[in-house]
Amino acid sequence: MAPTDQDYISKDDLFSVLESMKITLPRTSKMSVEDLSKRLREGLNVSQRVEDLLSGEPLDPRQLQPWTDVEGLVQQTAVMQQSLKSNFDRMSTMGTSKTPEELKGETLHQLQDILLWLGFRFTTGERNLYLVGKETGDWAVAIRIHGVYAMNEKTPVFVLSHRTVTSIPNKTLEEQLSEIFNAQPRSGQAVESVAQRAFLRLLSINAKRVLAGYEPDGTENKKYTKKKWKLTFALPLGPLPMAKVGKLADEHGCDVCGSTENASRCVQCLSAIYCSPECQKRDWPKHKEACRTLQGATWTTIDFGDNPSSPIDGLNTGYMSLMNVHESWEHGSSSANKAPQPIGANVPKNVHGEKMFLVKFQAPMGGPGYRPSSMMLYDRQRSFTIHWKRSGDPAAFVVAERAMGDYPKMYRWAKRTGNRTMSVCFERAPKENPPW
């Protein structure tokens with residue numbers, strides 16, 4: 001999809017929007033606007049849970065039931081969009097003045113607020129809305145809400161029509177809005193210009209997912225499917241699962257020049273990315289200490305034991321319990337309260353082959369002097385989740401405990417050495433902790 005003038009987002013602003021979704025890429029990267037736009041599209045798809053909810057099929061509102069709890073619509077939309085971390089961040093910065101760059105870095109929050117605004121206006125009986133940018137105010141996204149339906153008992157979907165309206169010399173924006181809405185009442189909202197463009201991008205992406213030939217019920221609604229109006233929809237925008245964030249933020253380009261062409265990791269340590277031998281040579285004075293440290297470091301073999309899926313010895317079934325404060329309360333990768341997992345002769349998957357990869361070690365919270373009986377281990381893809389117990393591998397467990405120190409989590413390079421074993425470099429931490 002070629003962006004229109006209105007939904008075009010500059011390269012610098014794309015970095016900011018992606019950062020608002022926790023997809024952090026170096027600003028030195030030579031990734032094109034098209035490449036960054038693709039990551040934004042994928043990020044928005046994940047945030048909406050499009051794959052889970054539509055399973056590759058087009059949206060046909062006629063197959064859905066209307067959302068019945070109208071009074072609870074705003075609250076449920078908010079619940080679907082929240083995480084513990086995002087709530088804390090919002091509360092801690094409430095009322096503080098922010099620079100334009102800081103506001104761009106909050107674009108996902110602003111998109112979530114637009115969804116809440118749609119929900120509020122729908123509950124008050126309003127159907128004709130528009131979004132205008134705070135900075136310029138010379139164009140608007142006009143919106144007609146046709147209805148709100150239930151994707152499932154917890155997920156509302158707003159079925160809309162939208163179009164853009166631009167001011168012209170002989171007619172004000174307000175006059176044009178009055179004309180396209182047939183002089184009917186309408187409500188507007190001023191938003192940050194980048195958020196306005198990002199929301200238009202979202203609506204344009206979703207417009208391609210509406211079933212061809214679908215028309216909303218009612219003569220009045222049908223007026224808003226003609227000419228420049230396009231049918232689309234909007235779903236609650238939740239925080240991205242950290243496994244998806246890691247994938248979208250990975251392989252960002254050469255650490256020296258930012259180029260993504262032929263970019264690959266240093267084969268000796270995997271902690272740096274280069275596009276050519278020339279860039280690797282230029283960076284060697286800075287990189288050699290870390291690279292040699294990892295090469296010469298001690299690697300400790302850890303044993304998962306016979307029952308790696310259970311946090312307690314002797315259980316044949318167990319509940320996995322994993323909560324990530326960055327992810328949605330409703331549909332993150334947190335595993336608390338999921339169905340019991342069968343335990344026994346299960347072998348953790350090995351999707352990495354002989355390659356090194358990062359593992360997160362996470363211990364239960366405890367007071368001073370607390371010595372956990374187990375740690376939870378998992379990779380970025382969540383291809384495995386292991387409850388590694390002190391009782392099954394006491395010597396290696398002590399090594400990990402010392403490396404972790406007082407903080408209850410750490411990331412370390414590892415490689416699989418067997419079905420139930422893994423070699424870990426506890427001496428060397430990655431340059432930066434990944435966001436998962």
After noting the C-alpha distance and the side-chain angles of Gln6 and Thr166, does the key distance pass the side chain to side chain donor-acceptor pair (under 3.5 Å) rule? CA-CA 9 Å; Gln6 284 82 12; Thr166 306; 3.3 Å; yes

May I have the step-by-step check of side chain to side chain donor-acceptor pair (under 3.5 Å) for Ser16 and Arg27, ending in yes or no? CA-CA 10 Å; Ser16 296; Arg27 298 289 180 122; 3.0 Å; yes

Pairing residues for [X] by the salt bridge (Lys or Arg N to Asp or Glu O under 4.0 Å) criterion, not counting sequence neighbours:
X      : answer
Asp13  : Lys104
Asp52  : Arg49
Glu215 : Lys226
Lys223 : Glu220

Please evaluate residues Arg209 and Asn45 with respect to the criterion side chain to side chain donor-acceptor pair (under 3.5 Å), reporting the C-alpha separation (whole Å), side-chain torsions for both, the decisive distance (0.1 Å), and the verdict. CA-CA 11 Å; Arg209 298 194 177 102; Asn45 288 342; 2.6 Å; yes

Checking Thr421 now: which residues fulfil side chain to side chain donor-acceptor pair (under 3.5 Å) with it, not counting sequence neighbours? Thr417

If you measure from NZ on Lys360 to CE on Met376, what distance do you get to the nearest 0.5 Å? 10.0 Å

Hey, could you give me the CG/OG1 distance between Asp379 and Thr385, rounded to the nearest 0.5 Å? 7.5 Å

What heavy-atom pair brings Leu240 and Gly43 nearest, and what distance separates the two atoms? CD1-O, 3.8 Å

Set of residues satisfying side-chain contact (heavy atoms from CB on, under 4.5 Å) with respect to [X], sequence neighbours excluded:
X      : answer
Ile168 : Asn170, Lys171, Gln176
Ala150 : Trp67
Thr99  : Glu101, Glu102
Arg62  : Asp60, Leu211, Tyr214

Min side-chain heavy-atom separation Ile302-Leu377 under 4.5 Å: yes

Using a 4.5 Å cut-off on heavy atoms from C-beta on, say whether the side chain of Cys275 contacts that of Cys257. yes

Tell me whether the centres of the aromatic rings in Tyr407 and Phe361 are closer together than 6.0 Å. no

Is the gap between the ring centers of Phe397 and Trp388 under 6.0 Å? yes

Heavy atoms from other residues, nucleotides or ligands near [atom1] of [X] exceed 12 (cutoff 6.0 Å):
X      : atom1 : answer
Lys11  : NZ    : yes
Gln75  : CD    : no
Lys38  : NZ    : no
Asp217 : CG    : no

Taking ring pair (Phe, Tyr, Trp, His ring centres under 6.0 Å) as the definition, give me every residue that meets it alongside [X], ordered by chain and number, with sequence neighbours left out.
X      : answer
Phe158 : none
Tyr224 : Trp229
Tyr149 : none

Please check this pair: side chain of Thr232 against backbone of Leu203, looking for a donor-acceptor N/O pair closer than 3.5 Å. yes

Can you check side chain to side chain donor-acceptor pair (under 3.5 Å) on Asp138 and Thr136, steps first, answer last? CA-CA 5 Å; Asp138 59 351; Thr136 58; 3.1 Å; yes

Output yes when Lys98 and Glu192 qualify as a salt bridge under the 4.0 Å nitrogen-oxygen rule, no when they do not. no

